[in-house]
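Single-structure report; data block below.
Numbered from 1 within each chain, the chains take letters A, B, ... in sequence-line order.
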Amino acid sequence: MTALIWFRDDLSLADHAALQAGAEEAGGIVALYVLDEESAETRPLGGAARWWLHESLSRLRADLAALGIPLVLRRGASERIVAEVAEESRATHVFWNRRYGSERHLDARLKASMRERGIDARSFRGGLLFEPWTVATATGTPYRVYTPFWRACLALPAPAAPLPVPETLTAAALQPASEALDAWQLQPTRPNWAGGLADRWTPGETAALGSLDRFLDERAPGYRERRDFPAIDAGSELSPHLRWGEISPRTVWHRALAAATETGVDVGTFLSEVGWREFASHTLFHHTGVDRAGNAEPGLHVRGINPQFDGFPWRRPDANELAAWQRGETGFGVVDAGMRELWQSGFMHNRVRMITASFLTKNLLIDWRVGEAWFWDTLVDADAASNPFNWQWVSGCGADAAPYFRVFNPETQQHKFDRDGGYVDRWAPDSVMLPQLVDLRETRVRALAAYESIKLAPRERSAP
DNA sequence: TCGACCTTCGA
DNA sequence: CGAAGGTCG
């Protein structure tokens, strides 16, 4: 009896339901990771995510090796590879933890074809606190507004306690050959880029737990008051670890509540941020397919949730403007600091993400998907649900009827949240010398007019 | 049905 | 303090 455990967005040994089931039910384990850049349902990884994946896989491989289990690495279309590896190892069981985006359709097909061959193929709870089909309004529809969504989640039975790392694992006798991790060339070729990522981040399960503990010990007490100021390191920095399932949200949830009980610290605001991650994934689950394809335009990978915005008069991206935004050379300090923090470290402070996104979509009037694609490529925490969701939220074309007239003013924001200039000085001290790319007042008026145009006559607009 | 409400605001 | 318009119960 051999269980093939297919690792995907769950690169950990703790709270891994599929691995736990394999340890309990089968005599031997085969651990597999598939780099799938072929299937239509998977979105090709961005550069920063590829770097993270390389590091995370090498740590998972070491952690598994310490328990006597090799990690088999294969590249190709998931359905073909999993079938091949199951065959090569004479697997009787194939177990995995659920995914909730478009990939779940691929998973469903694979499960059916495995079962046809008499293999016990099963999926287990994945990287969410609540299964998306358990959260709905009184009329059974998906929530479109965050606050009632999260209230409903909190009224559900608490998420299951995280599972421990299995105490004993036995390697299956037949271990299929693995490709070499280095041969996948996940590391960026651009000199120095990976250096900036490595300076700030340590991927892997051990580091993830360390970040959570440090956050709960040191940062949670002041989190609510300090989190909006980008010059202060007030966040948990857990987002890339959650993205790859190096830590599960159930572990975060239960440890946070334990800390609250122990020390009385308020973790409500922090868990509510985990709630936003949850909301994005649930929303994507209910708008199946928007995370993939459907775009004629090259480089844009996602569709919008709200069809009313299909005819929105975005300006054709001016190459100079777009480059100035990407490089952090707009002449607006907090925008430039944010964009350079992103490029140099693979991350951007949450509030600054909103400011830079508002600047691109409102002041430059460039399609949110252009910015989404840049963030996808450069963020270590780039997530197929959260990234498009948050871009649409900021640009006012998400599921909720957002107040589109709410245009962030980067100067006002900088004055409010970086008054002492700590953040701008750290990342873009020369920004003050640069000419400002746009007139904030004129471009604000222009954006409001554009939004007005689809509101008044959504059907009269011709397709772009 | 209807009223309270909507993460992150600009002026 | 006003800026829409939809969501939710």
Whole-Å distance, Q413(A) CD to dC9(B) C1', equals 8 Å
F279(A) CZ to dT8(B) P, straight-line distance once rounded to whole Å: 13 Å
Touch check for R227(A), heavy atoms < 4.0 angstrom, all strands: base, sugar-phosphate only, or nothing? base
When rounded to whole Å, the CZ to C1' distance for the pair F149(A) and dG9(C) reads 17 Å
As a test of reading the structure: which of dG9(C), dC6(B), dA11(B) is closest to the side chain of Y143(A), going by heavy atoms? dG9(C)
Nearest-nucleotide pick for N409(A), side chain only, options being dG9(C), dC6(B), dA11(B): dA11(B)
Check whether NZ of the Lys or CZ of the Arg R104(A) lies under 6.0 Å from the centre of the six-membered ring of F285(A) and within 45 degrees of that ring's axis. yes
Taking atom P of dC9(B) as reference, at what distance in whole Å does atom CG of L440(A) sit? 16 Å
Between R151(A) (CZ) and dG9(C) (C1'), how many Å, whole number? 10 Å
R144(A) CZ - dG9(C) C1' separation (whole Å): 17 Å
Check every atom of dG9(C), dG10(B), dT8(B) against the side chain of T137(A) and return the nucleotide holding the closest atom. dG9(C)
So what does E411(A) touch, heavy atoms closer than 4.0 Å: a base, only the sugar-phosphate, or nothing? nothing
In the strands shown, is dT8(B) matched to any nucleotide by a Watson-Crick or G-U wobble pair with both distances under 3.5 Å, and which? none
Keeping the roles fixed (side chain from R50(A), backbone from L45(A)), state whether a donor-acceptor pair exists under 3.5 Å. no
Between atom CZ in F359(A) and atom C1' in dG10(B), what is the gap in whole Å? 17 Å
Take atom NE2 of H415(A) and atom C1' of dT8(B), then tell me their distance rounded to the nearest Å. 18 Å
Among dT8(B), dG10(B), dC6(B), which nucleotide sits nearest the side chain of W393(A)? dT8(B)
From the set dC9(B), dA11(B), dC8(C), return the single nucleotide nearest to any side-chain atom of R444(A). dA11(B)
Out of dC9(B), dG9(C), dT8(B), which has the shortest distance to the side chain of P148(A)? dG9(C)
Salt-bridge test for R340(A) and D430(A): reply yes if a basic N is under 4.0 Å from a carboxylate O, no otherwise. yes
Same-atom distance (P) from dG6(C) to dC9(B), integer angstrom: 23 Å
For dA4(C), the Watson-Crick or wobble counterpart (both distances under 3.5 Å): none
State the pairing partner of dC2(B); accept Watson-Crick or G-U wobble contacts with both distances under 3.5 Å, and report none otherwise. dG9(C)
Polar contact flag, side-chain donor to acceptor under 3.5 angstrom, Y146(A)-S272(A): yes
Take atom CG of D199(A) as the centre, draw a 6.0 Å sphere, and report whether it contains more than 12 heavy atoms from other residues, nucleotides or ligands. yes
